[in-house]
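The structure under discussion appears below in the form of structure tokens.
Since this is a predicted model, take the numbers as computed values, not measurements.
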Amino acid sequence: MVVDTGHSVDVLAPPSEYYRVPPARRSAGIHRSRSRNYQRSYTSLDAFDGNDQLLEQVDEESSESVGSEKDNDDEQRPTRLTRSTTSFSNMRRRGSADEKSTLTRRFLVDIDVIEKAILAQEDTNGDYQITVEDLGPKVLKVPTASSGGFRTFEVRGTYMLSNLLQEMALARDCGMSQVVIDEERLNENPVSRLSRMIRTTFWNGLVRCMDESGIQAICRDPKNTKPGANPIIYVPYDDQPAYEYYTGIARDLSNFNIKVVKLPKDITPRYVKSINDQFGILSLAADVSYDANGRLVYRPLPFVVPGGRFNEQYGWDSYFEALGLLVDGRCQLAKNMVDNFAYEIKHYGKILNANRSYYLTRSQPPFLTDMILKVFEALPAKTDDEKKRNHEWLQRSFDAAITEYLTVWMTEPRLDKKTGLSCYHPTGIGMPPETESTHFDHTVKPYADRLGVSVEEYKQLYQSDQIIEPELDAYFVHDRAVRESGHDTSYRLERRCANLATVDLNCLLYKYEVDIADTLDAHFGGRFAWSGGRDMDAAEWRTRAEKHRQSIDKYLWNERKGLYFDYDVVLGEQSVYESVTALWALWAGCATPSQARKLVDVSCRKFEVKGGLVSGTEESRGVISLHRPNRQWDFPFGWAPHQIMAWYGLYNYGFVDVARRFAYRWLFTITQAFVDFNGVVPEKFDVVNMTHRFQVEYGNVGVDFKHVTREGFGWMNASYQVGLTYLTSHMRRALGMLTPPDMFFAKTNWKTDGTASHTPATTPGPVPVFIPEFGTPKYRQQSNALFNALRDLTIDADGTVKKPIVVVGDSGSSSPPDSDQHIGSPKSDSFDSQYRKKMRTRSKRRGGDKRKSSHVF
């Protein structure tokens with residue numbers, strides 16, 4: 001039953017609003033066309049009676065998703081209109097925001113009937129999706145609302161038919177059996193549709209909360225294959241409110257058989273191993289208070305999970321998810337995730353791989369300081385009380401970040417004292433329990449054969465410490481380190497990860513040092529009282545940052561190859577694997593302008609492929625065979641974190657066009673899959689072949705669903721929302737038309753060698769605080785390689801302060817001071833300046849017209 005709410009709702013509103021409002025209350029949306037042609041300007045026939053130069057035609061939508069005129073349809077047709085062929089004074093550029101006619105077509109849909117018909121006719125491979133791989137006729141007659149269902153109109157094409165299937169599923173989620181669906185929801189611009197679904201549907205589908213209503217969902221662990229396992233909630237030994245709250249839930253939900261376990265004060269690797277067969281969820285932060293009667297009021301904080309089998313808050317996933325949440329105005333959710341990390345650092349000693357018991361000895365790539373700052377910049381700060389609360393939150397959050405930095409990443413075994421660099425090196429022992437039961441069989445088999453026992457027997461003996469095998473111990477140290485790196489798995493890291501001072505980790509730690517120094521200066525008067533027992537000042541952190549940068553230059557930078565490489569601290573040599581994580585140096589700001597020019601030049605040649613940035617080169621990966629299968633973080637796969645880090649890093653150094661080019665490639669890959677495969681948003685892509693359909697270890701999360709995806713995938717959602725802020729309006733229109741990247745670049749004279757070709761334009765929609773409008777970081781401009789912050793000091797390898805640094809240039813400019821003409825943004829004599837000169841000259845020739853001209857690419 002449709003409920004009349006008494007107010008109008010946009011036809012492109014979220015399903016929860018749209019399907020609960022009667023059609024009469026729906027208002028026409030703003031339509032952004034996908035065509036690059038010009039909008040035809042129509043006028044009434046009566047006004048041009050007898051004019052032979054007028055072309056009569058019916059103003060109907062014409063696209064793949066609209067039926068032909070032979071279809072039966074007695075809806076009220078628009079007045080017969082005409083187009084003038086002699087006057088172009090009213091010509092309007094197609095693609096601008098124009099109000100659509102109020103006479104929109106609507107379909108009257110009996111969900112059970114139409115769903116059965118569309119699946120029977122179109123879903124030829126039986127996967128409950130309508131894709132380009134299905135062999136149906138791709139046309140279905142659907143009853144129209146204006147005829148009361150007596151007349152039909154053809155819905156055509158994969159995209160519109162799959163949207164119809166998705167809308168019916170979303171309507172059923174809202175409790176509907178019969179609905180009226182506006183045609184605008186079915187032929188909506190795919191860029192707008194995907195962005196809208198992420199904003200209004202996918203994020204909501206990924207939200208979890210460890211309260212009484214959500215505990216059953218969050219306790220479910222798809223990685224726990226133990227039959228009949230009851231849910232377990234682990235709480236810290238010193239969090240009594242959490243223990244009281246969850247024991248109360250266990251009592252109230254007695255049929256769910258929840259077990260609440262208090263962790264020991266000292267969580268050792270041996271203890272974690274002892275509970276490997278008792279999978280459980282770890283408690284997170286909550287708002288804790290007491291009412292007037294002294295009763296506990298405990299409100300766990302909602303957070304976002306990646307999706308699929310990843311049903312908990314993950315480490316580095318959360319950072320990228322937070323970027324997307326901030327673009328979509330979900331600041332409180334992003335803040336909650338920071339608070340959860342601070343809770344983990346306080347009670348579990350580190351930011352965990354995720355809040356499951358088997359992750360207690362393992363962390364993930366550290367992004368906390370940047371995450372804090374981005375959330376802090378987005379917090380409301382209109383009143384003095386809000387500013388005070390924000391400052392207190394910033395202090396608590398940075399205190400946690402400093403604790404994590406000093407106690408996790410700058411201590412052994414993760415710190416290599418000789419180089420001053422850090423490695424991924426978790427402290428867990430034995431086999432990681434969250435893997436499939438047969439995951440390590442091929443590794444264990446040679447050792448089992450040597451003892452003459454079965455693989456299962458050997459694993460039991462090894463796990464119970466009845467067999468000591470140093471080679472296997474070392475193997476599992478490296479295996480856990482790969483998982484801590486987030487890049488599980490890759491031939492770049494296999495069997496050596498714990499020995500590698502990786503580019504990505506050390507760039508992240510350098511960013512920590514810079515962020516802490518800048519924040520102490522900007523918000524705490526240059527000094528900070530750390531809860532660890534001592535005061536510290538910004539100068540100490542600048543010293544740390546510069547020393548770290550020098551170590552990165554010494555051990556990770558390869559001047560001859562123009563790339564950063566991982567460094568093996570045991571062998572004392574650089575790795576030869578070429579990884580796209582080299583671009584993280586631009587995100588962190590630790591590359592000099594000269595290094596940045598070389599890095600971008602080499603990276604464009606090695607990592608830029610048709611669908612975005614590939615994880616590594618094919619040469620580095622090596623030959624693939626039956627006995628040496630592909631790894632998901634190697635060539636030819638591309639991942640959202642690598643794209644986002646590269647975009648921001650390129651903007652950071654002024655390579656605006658390169659960033660936009662990379663962003664367009666990646667967003668095109670996502671959009672094309674979304675259109676062709678029933679709205680899919682997967683975990684990763686094969687960016688060389690531009691597909692999400694492939695066989696690789698762990699599969700591809702997000703592709704297995706019926707009718708409609710309700711979650712997407714966390715950081716993929718974020719990459720789309722963040723990526724759109726990098727595109728010009730011209731690029732966004734081309735993306736909506738599914739213009740292939742190389743075709744778009746060729747038709748618009750977009751230079752693919754990094755040379756500037758377009759002036760930076762304002763990004764569409766509200767610009768998030770962390771995406772600059774003209775190519776320079778809005779936050780902490782001085783932190784680009786510390787060119788301003790480190791003017792007055794330099795540090796030797798032993799920590800001795802020496803003579804001042806000679807500054808090459810000012811990083812506050814929109815491009816590197818010694819920028820190469822073939823890479824990055826324009827110099828002073830740029831496309832932008834040349835264009836403005838031409839426009840001024842043209843204006844003078846026209847008689848000094850002072851009106852603002854519009855640049856249309």
Kindly give the heavy-atom pair with the smallest separation between Met410 and Ser422, and that separation in Å.
SD-OG, 3.8 Å
In this structure, is the centre-to-centre distance between the rings of Phe685 and Phe637 below 6.0 Å?
no
Quick one: does any side-chain atom of Arg330 pair with a main-chain N or O of Val327 as donor and acceptor, under 3.5 Å?
no
Return a table of donor-acceptor pairs under 3.5 angstrom between the side chains of residues 472-480 and protein atoms on other chains or two or more places apart.
unit_1, atom_1, unit_2, atom_2, d
Asp473, OD1, Tyr462, OH, 2.5
Tyr475, OH, Thr443, OG1, 3.4
His478, ND1, Cys497, N, 3.4
His478, ND1, Ala498, N, 3.1
Asp479, OD2, Arg483, NE, 2.7
Asp479, OD2, Arg483, NH2, 3.4
Arg480, NH1, Gly430, O, 2.3
Arg480, NH2, Ile429, O, 3.2
Arg480, NH2, Gly430, O, 3.4

Could you measure the distance from the OH atom of Tyr290 to the OH atom of Tyr298? Nearest 0.5 Å is fine.
10.0 Å
Does a side-chain N-to-carboxylate-O contact under 4.0 Å join Asp238 and Lys346?
no
Would you check if the side chain of Gln643 reaches a backbone N or O of Trp639 as a donor-acceptor pair within less than 3.5 Å?
yes
What pairs with Asp277 under side chain to side chain contact (heavy atoms under 4.5 Å, CB included), at least two apart in sequence or on another chain?
none
Who are the side-chain hydrogen bond (donor to acceptor under 3.5 Å, both in side chains) partners of Glu469, not counting sequence neighbours?
none
Shortest non-hydrogen separation from Phe694 to Asn700 and the atoms involved:
CZ-ND2, 3.4 Å
If every non-hydrogen atom of Ser283 is compared with every non-hydrogen atom of Ala242, which pair is closest and at what distance?
OG-CB, 4.5 Å
Gln332 meets the side-chain hydrogen bond (donor to acceptor under 3.5 Å, both in side chains) criterion, sequence neighbours left out, with Asn336
Out of curiosity, Tyr720 OH to Ser195 OG, how far, rounded to the nearest 0.5 Å?
7.0 Å
Asp686 and Thr691: side-chain donor and acceptor closer than 3.5 Å?
no
What's the verdict on side chain to side chain donor-acceptor pair (under 3.5 Å) for Gln364 and Tyr424, showing C-alpha distance, side-chain angles and the deciding distance?
CA-CA 8 Å; Gln364 270 203 324; Tyr424 294 111; over 6 Å; no
Residues in side-chain hydrogen bond (donor to acceptor under 3.5 Å, both in side chains) with Gln278, at least two apart?
none
Nearest heavy atoms of Thr709 and Phe202, plus distance in Å:
O-CE2, 3.1 Å
Taking side-chain hydrogen bond (donor to acceptor under 3.5 Å, both in side chains) as the test, write out the residues that go with Trp393, two or more places apart.
Asp339
How about Asn340 and Gln313: does a side-chain donor come under 3.5 Å of a side-chain acceptor?
yes
Hey, is CD on Gln695 packed in by over 12 heavy atoms from elsewhere, all under 6.0 Å?
no
Can you give each donor-acceptor pair under 3.5 Å made by side-chain atoms of residues 247-267, sequence neighbours left out, with the distance rounded to 0.1 Å?
unit_1, atom_1, unit_2, atom_2, d
Thr247, OG1, Tyr243, O, 2.7
Thr247, OG1, Glu244, O, 2.9
Lys262, NZ, Gln240, OE1, 3.0

Between Thr489 and Trp633, does the side chain to side chain donor-acceptor pair (under 3.5 Å) criterion hold? Intermediate values first, please.
CA-CA 6 Å; Thr489 60; Trp633 284 91; over 6 Å; no
Using only heavy-atom distances, determine whether the side chains of Glu436 and Thr438 contain a donor-acceptor pair under 3.5 Å.
no
Does the distance from a Lys or Arg side-chain N to an Asp or Glu carboxylate O, for Lys374 and Asp370, drop under 4.0 Å?
yes
Non-neighbouring partners of Glu494 that pass salt bridge (charged side-chain N to carboxylate O under 4.0 Å, His left out), sequence neighbours left out
Arg631
Aromatic ring pairing Tyr512/Tyr405, orientation class (parallel under 30°, perpendicular over 60°, tilted between)
parallel
Of the non-hydrogen atoms in Met371 and Tyr319, which two are nearest, and what is the gap between them?
CB-CD1, 3.7 Å
Ignoring hydrogens and angles, state whether a donor on the side chain of Tyr245 or Asp239 is under 3.5 Å from an acceptor on the partner side chain.
no
Pairwise distance OH(Tyr358) to CG(Leu282) - rounded to 0.5 angstrom
9.5 Å
Evaluate side chain to side chain donor-acceptor pair (under 3.5 Å) for Asn678 paired with Ser162, printing each intermediate quantity in order.
CA-CA 5 Å; Asn678 208 101; Ser162 68; 4.7 Å; no
Here the salt bridge (Lys or Arg N to Asp or Glu O under 4.0 Å) pairs for residues 304-313, sequence neighbours left out, are Lys223-Glu312, Glu312-Arg356
Taking Ser397 for the side chain and Leu394 for the main chain, is one N or O donor matched with an acceptor at less than 3.5 Å?
no
Could you check whether any side-chain N or O of Thr427 sits under 3.5 Å from a backbone N or O of Pro269, counting only pairs where one atom can act as donor and the other as acceptor?
no
Quick one: do the Ser490 and Asp634 side chains pair a donor with an acceptor below 3.5 Å?
yes
Gap separating the CH2 atom of Trp530 from the CD1 atom of Ile402, nearest 0.5 angstrom:
8.0 Å
Applying salt bridge (charged side-chain N to carboxylate O under 4.0 Å, His left out) to Arg196 and not counting sequence neighbours gives Glu188
Is the Tyr698 ring parallel, tilted or perpendicular to the His439 ring (thresholds 30°, 60°)?
parallel
Who are the salt bridge (charged side-chain N to carboxylate O under 4.0 Å, His left out) partners of Glu456, not counting sequence neighbours?
Lys459
If only atom types and distance count, is the side chain of Ser363 paired as donor or acceptor with the main-chain N or O of Asn353 below 3.5 Å?
no
When you look at Tyr348 and Tyr359, which way does the ring-ring contact (aromatic ring centres under 6.0 Å, His included) test go after all the steps?
CA-CA 10 Å; Tyr348 307 128; Tyr359 292 140; over 10 Å; no
Closest non-hydrogen contact found for Tyr128 with Asp123 is N-OD2, 2.8 Å
Could you tell me how the ring of Trp316 sits relative to the ring of Trp584: parallel (under 30°), tilted (30 to 60°) or perpendicular (over 60°)?
tilted
Mutual orientation of the aromatic rings belonging to His642 and His487 [parallel < 30°, tilted 30-60°, perpendicular > 60°]
parallel
Ionic contact status for Arg362 with Glu434, cut-off 4.0 Å:
yes
Decide whether Glu404 and Trp409 meet the rule of one side-chain donor and one side-chain acceptor closer than 3.5 Å.
yes
Can you list the steps and then say if Gln721 with Asp328 is a side chain to side chain donor-acceptor pair (under 3.5 Å)?
CA-CA 8 Å; Gln721 302 299 73; Asp328 288 334; 2.9 Å; yes
Look only at the side chain of Glu484 and the backbone of Pro365, and say whether a donor-acceptor pair between them is shorter than 3.5 Å.
no
Taking salt bridge (charged side-chain N to carboxylate O under 4.0 Å, His left out) as the test, write out the residues that go with Arg693, two or more places apart.
Glu133
